[in-house]
Amino acid sequence: LAVAGADGHAGVWDVETGVCVQSLRHDERVWRVDYSRDGSRLLTSVEHAAFLWDAASGERLLRIAIDDTGVAAIAISPDNTRIAAGGNDGRLWLFDAATGEMAASFFADAGVPPGRRCGRAGFSPDGRFVAAHTDGTAVAVIDLAAQPPQVIARLTDATGWIRALAFHPDHANPYWLAGAGFDKTVHVWEVAAQSRDQRSEVRSQPASEDVARSATMDTNDQYGGHH
């Protein structure tokens, strides 16, 4: 279990023994942590940078400097090759996880008022899509297979601000995307993608109530947790 600390450390704890097994030092407050799907990498962020760590050894592999807008969200792709970082100005950056080089930079949702941050981001289980939202009720689905990456769907069912996002880890095409809102509802969308002439088409609809577990779904589809 990784915990972000205001003291500049990200602590990694053994949940069975309650022992802190690693303490990853940063020069300032740690705001966010995110494990890779296979558990081999840990992503952390401070106000203007993201860090990639070897989860087993605690070795820092990469430091990615983010511009003055600041980091509001982080996520690592399922194959550990890409890092997504959301900015306080509504931008979403994509980085190469091996080199730290920026692969793309664009506004997660051009339809929102300027100055709203990109507060949550998450990859689909196959890494093809990123879902992101700025502070508001809309969720943008970005197709990373498109050149350049582009927003191909806006999900607007929520009546309150969306505060957490997660794709189901085992469902691909159709994908299940959950969003937890300030309207006291967890919305689960079914997003199906088709490829035609190298362009993606997405249709979305509310998923059935029996799949609405929470904004975090585990691999056996039985339990979920709220962020």
Side-chain angles (χ1 to χ4, degrees), residues 1-66 70-88 93-100 117-127 130-133 162-171 176-180 186 212-227:
L1 174 66
V3 179
D7 60 355
H9 290 79
V12 179
W13 300 79
D14 185 317
V15 295
E16 292 185 351
T17 65
V19 173
C20 181
V21 296
Q22 288 178 354
S23 183
L24 308 178
R25 184 180 180 278
H26 303 67
D27 292 332
E28 56 184 297
R29 177 175 181 170
V30 183
W31 286 95
R32 290 165 184 83
V33 293
D34 184 40
Y35 270 110
S36 63
R37 186 175 184 183
D38 64 4
S40 68
R41 297 289 184 264
L42 179 63
L43 189 62
T44 64
S45 70
V46 295
E47 188 174 2
H48 295 294
F51 300 86
L52 186 65
W53 308 80
D54 184 298
S57 67
E59 176 188 2
R60 194 178 84 180
L61 304 175
L62 203 62
R63 180 186 185 276
I64 300 173
I66 310 294
V71 183
I74 54 172
I76 185 168
S77 65
D79 61 1
N80 299 338
T81 62
R82 290 193 260 198
I83 292 170
N88 285 321
W93 295 277
L94 297 172
F95 298 94
D96 186 306
T99 65
R117 65 177 185 164
C118 179
R120 296 291 184 273
F123 285 91
S124 65
D126 57 4
V130 169
H133 83 84
I162 299 293
R163 301 303 295 166
L165 284 175
F167 279 98
H168 193 290
D170 289 335
H171 285 263
W176 288 349
L177 174 63
V186 176
R213 310 297 189 206
S214 82
T216 299
M217 300 181 180
D218 76 354
T219 55
N220 64 17
D221 191 25
Q222 292 181 353
Y223 305 100
H226 296 281
H227 293 297

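No experiment lies behind these values; they were computed from the predicted model shown. One-based numbering along the sequence shown.
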As an exercise, state the distance from CG of Leu52 to CZ of Arg63, rounded to the nearest 0.5 Å. 13.5 Å
Minimal non-hydrogen separation, Tyr35 against Ile76, with atom names: O-CG2, 4.0 Å
For the atom pair NE2 (His48) and CG (Asn88), what is the distance rounded to the nearest 0.5 Å? 8.5 Å
Quick one: does Gln22's side chain have a donor or acceptor within less than 3.5 Å of a partner on Ala10's backbone? no
Quick one: closest heavy-atom pair of Val33 and Ala2, and the distance? CG2-O, 3.7 Å
Looking only at heavy atoms, what is the nearest atom pair of Ala75 and Gly122, with distance? CB-CA, 4.3 Å
Do Val71 and Trp31 make a side-chain contact, defined as non-hydrogen atoms from C-beta onward lying under 4.5 Å apart? no
Write down the atom of Gly11, the atom of Cys20, and the distance for their closest heavy-atom approach. CA-SG, 4.4 Å
Determine the sole option in Asp34, Leu62, Leu61 for which the side chain to side chain contact (heavy atoms under 4.5 Å, CB included) test with Arg41 is passed. Leu61
Specify the closest pair of heavy atoms between Ala4 and Val30, including all atoms of both residues, with the distance to one decimal. CB-O, 3.4 Å
With sequence neighbours left out, which residue pairs that include part of residues 72-82 fulfil the side chain to side chain donor-acceptor pair (under 3.5 Å) condition? Asp38-Asn80, Ser40-Asn80, Ser77-Asp79, Asp79-Thr81
Separation of Leu24 CG from Phe51 CZ (nearest 0.5 Å): 11.0 Å
Exam field: side chain Arg37 to backbone Pro169, donor-acceptor pair closer than 3.5 Å: yes
So which heavy atom on Val130 is nearest to which on Phe167, and how close? C-CE1, 4.5 Å
Determine yes or no for a side-chain-to-main-chain donor-acceptor pair under 3.5 angstrom, with His26 supplying the side chain and Glu28 the backbone. no
With rounding to the nearest 0.5 angstrom, report the CZ to CG distance, Arg60 to Leu42. 13.0 Å
Rounded to the nearest 0.5 angstrom, the CD-CG distance for Glu16 and Leu1 is 12.5 Å
Using a 3.5 Å distance criterion without hydrogens, assess whether the side chain of Arg32 forms a donor-acceptor pair with backbone atoms of Ala72. yes
When rounded to the nearest 0.5 angstrom, what is the spacing between CG in Leu165 and CG in Leu177? 5.5 Å
